[in-house]
Amino acid sequence: MSSRTVIRHGLVITASDEIHADVLVEDGRIAALATPDSQSWTADRVIDATGKYVIPGGVDAHTHMELPFGGTHASDTFATGTRAAAWGGTTTIVDFAVQSVGHTLREGLDAWHAKAEGNCAIDYAFHMIVSDVNDETLKEMDLLIEEGITSFKQFMAYPGVFYSDDGQILRAMQRSAENGGLIMMHAENGIAIDVLVQQTLARGETDPRYHGEVRKALLEAEATHRAIRLAQVAGAPLYVVHVSATEAVTELARARDEGLNVFGETCPQYLFLSADNLAEPDFEGAKYVCSTPLRPREHQAALWRALRTNDLQVVSTDHCPFCFTGQKELGRGDFSKIPNGLPGVENRMDLLHQAVVDGRISRRRWIEIACATPARMFGLYPKKGTIAPGSDADIVLYDPHAEQVMSAATHHMNVDYSAYEGKRVTGRVETVLSRGEPVIVQREYTGRAGHGVFTPRSTCQYLN
Ligand code: URP
Ligand code: ZN
Ligand code: ZN
């Protein structure tokens with residue numbers, strides 16, 4: 001049966017436009033936009049958006065629901081994590097399926113499909129973490145692309161777990177140059193970092209703040225440079241994930257000035273938090289252990305500038321939550337045993353809106369870095385990431401004047417702390433539609449696990 005929704009009197013904001021318009025949704029898709037009250041659309045549901053922004057649902061291109069890490073698992077399941085994402089105005093996640101060493105990509109992908117299927121409140125897609133490049137996995141990359149898994153993460157960090165050496169990276173990049181895949185790089189020199197970890201622990205320096213000190217900005221920059229040059233040799237595009245250091249941004253900007261298809265993502269934690277958090281006493285710093293690490297506050301200016309100049313194109317969360325009690329605590333007395341990752345899937349759209357309020361970015365740039373470009377980068381556009389006829393009706397009504405205080409007491413992520421506890425922000429999600437279905441209605445959850453479906457992706461739509 002056909003269903004129609006009209007959203008009236010809102011300010012529709014996309015990456016390219018801001019227009020006062022009514023939006024007609026039909027059978028889960030956007031059917032039309034028109035001047036307010038210029039038409040006599042009939043509908044089953046009319047939503048009054050007076051005084052609200054009508055924006056595309058957020059596309060979070062970097063999440064880790066249920067990720068096994070350091071002997072434990074990320075605490076959000078696909079059910080809890082996608083529900084929390086919806087509360088925060090995100091309607092699509094791209095999560096990372098994992099190939100464990102000794103297993104095929106297929107085995108890893110099947111396992112992640114099994115975790116997600118029937119459990120998600122919003123639509124989801126997958127990247128593939130490639131931990132073991134060999135002749136078989138290279139062939140499997142081609143097959144995965146046909147199934148809509150078009151991007152592959154490699155790690156220059158975590159020797160013995162996810163790590164790939166330069167030869168393996170080059171081979172995967174050569175393959176992606178042929179098959180259209182996009183290599184996503186965790187760019188940190190993990191071999192050098194592990195030496196510094198051992199030396200630091202041997203001196204008795206075990207506190208969480210040393211996590212930030214051993215994972216040096218120069219070792220992020222060095223790996224970023226190496227990844228860029230390997231991609232150049234292979235003739236492949238490159239997307240560097242969770243960029244946090246000024247020196248790494250410099251490498252990306254230089255490569256882009258040379259005309260290379262090199263892209264970068266940063267995350268809210270690098271824009272709003274710093275190494276000061278890692279130094280919080282009584283092991284509280286463990287709440288902020290992630291890799292790349294939080295940097296001294298001075299690095300934030302370079303990240304904001306790069307977001308304005310498009311040397312960084314995407315803000316994703318790298319949502320990878322571990323509870324303080326029982327999970328982060330695994331690293332008491334040894335910072336290298338603290339599971340790496342921060343919660344944030346619920347906070348991204350609001351934190352970036354705060355950047356609009358603070359005058360750091362424009363409203364359209366907010367939508368570009370949080371919705372449109374991640375959709376383009378990962379082959380989901382214009383199905384996701386915009387409000388246009390034919391697009392999925394993934395729509396958020398956003399109240400730009402509401403005030404909120406971020407807190408674990410009120411968030412919906414399955415984690416016992418907030419990285420932004422007590423932070424006041426202006427702006428709040430009010431209503432969320434996913435393919436036309438109400439998931440949040442005036443801050444009541446109306447969604448359901450299983451509404452969200454796997455969404456195959458085309459190859460990168462952002463290349464020069
Ligand atoms: O600390 C982080 N970022 N944890 C998740 C895994 C990764 O490297 O993205
Ligand atoms: Zn990573
Ligand atoms: Zn990650």
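Just follow the structure's listing: the first ligand is 1, and inside any ligand the first atom is 1. Note that the numbering runs from 1 along the sequence shown for the chain.
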Looking only at heavy atoms, the pair that brings Ala116 and Tyr124 closest together is CB-CE1, 3.5 Å

Taking any residue with a non-hydrogen atom under 4.0 angstrom from an atom of ligand 1, which ones do you get? His62, His64, Lys153, Phe155, Tyr158, His186, His242, Cys290, Ser291, Asp318, Cys320, Asn340, Gly341

For the residue pair Ile145 and Phe152, establish whether any side-chain heavy-atom pair is separated by less than 4.5 Å. yes

Find out whether the Lys NZ or Arg CZ of Arg295 is both under 6.0 angstrom from the six-membered ring centre of Tyr270 and within 45° of the ring's axis. no

Any ion pair linking Arg175 and Asp142 (charged N to carboxylate O, less than 4.0 Å)? yes

Residues in side-chain hydrogen bond (donor to acceptor under 3.5 Å, both in side chains) with Asp166, at least two apart? Arg226

Closer than 2.8 Å to the Zn ion (ligand 3): how many protein N, O or S atoms are there? 3

With sequence neighbours excluded, give me every salt bridge (Lys or Arg N to Asp or Glu O under 4.0 Å) pair touching residues 321-341. Glu329-Arg332, Asp334-Lys337

Does Lys287 count as lying over the ring of Phe324, i.e. NZ or CZ under 6.0 Å from the six-ring centre, within 45 degrees of the axis? yes

Does a donor on one side chain and an acceptor on the other come within less than 3.5 Å for His242 and His186? yes

Using the six-membered ring wherever Trp is involved, compare the ring planes of Phe69 and Phe162 and label them parallel, tilted or perpendicular (cut-offs 30° and 60°). tilted

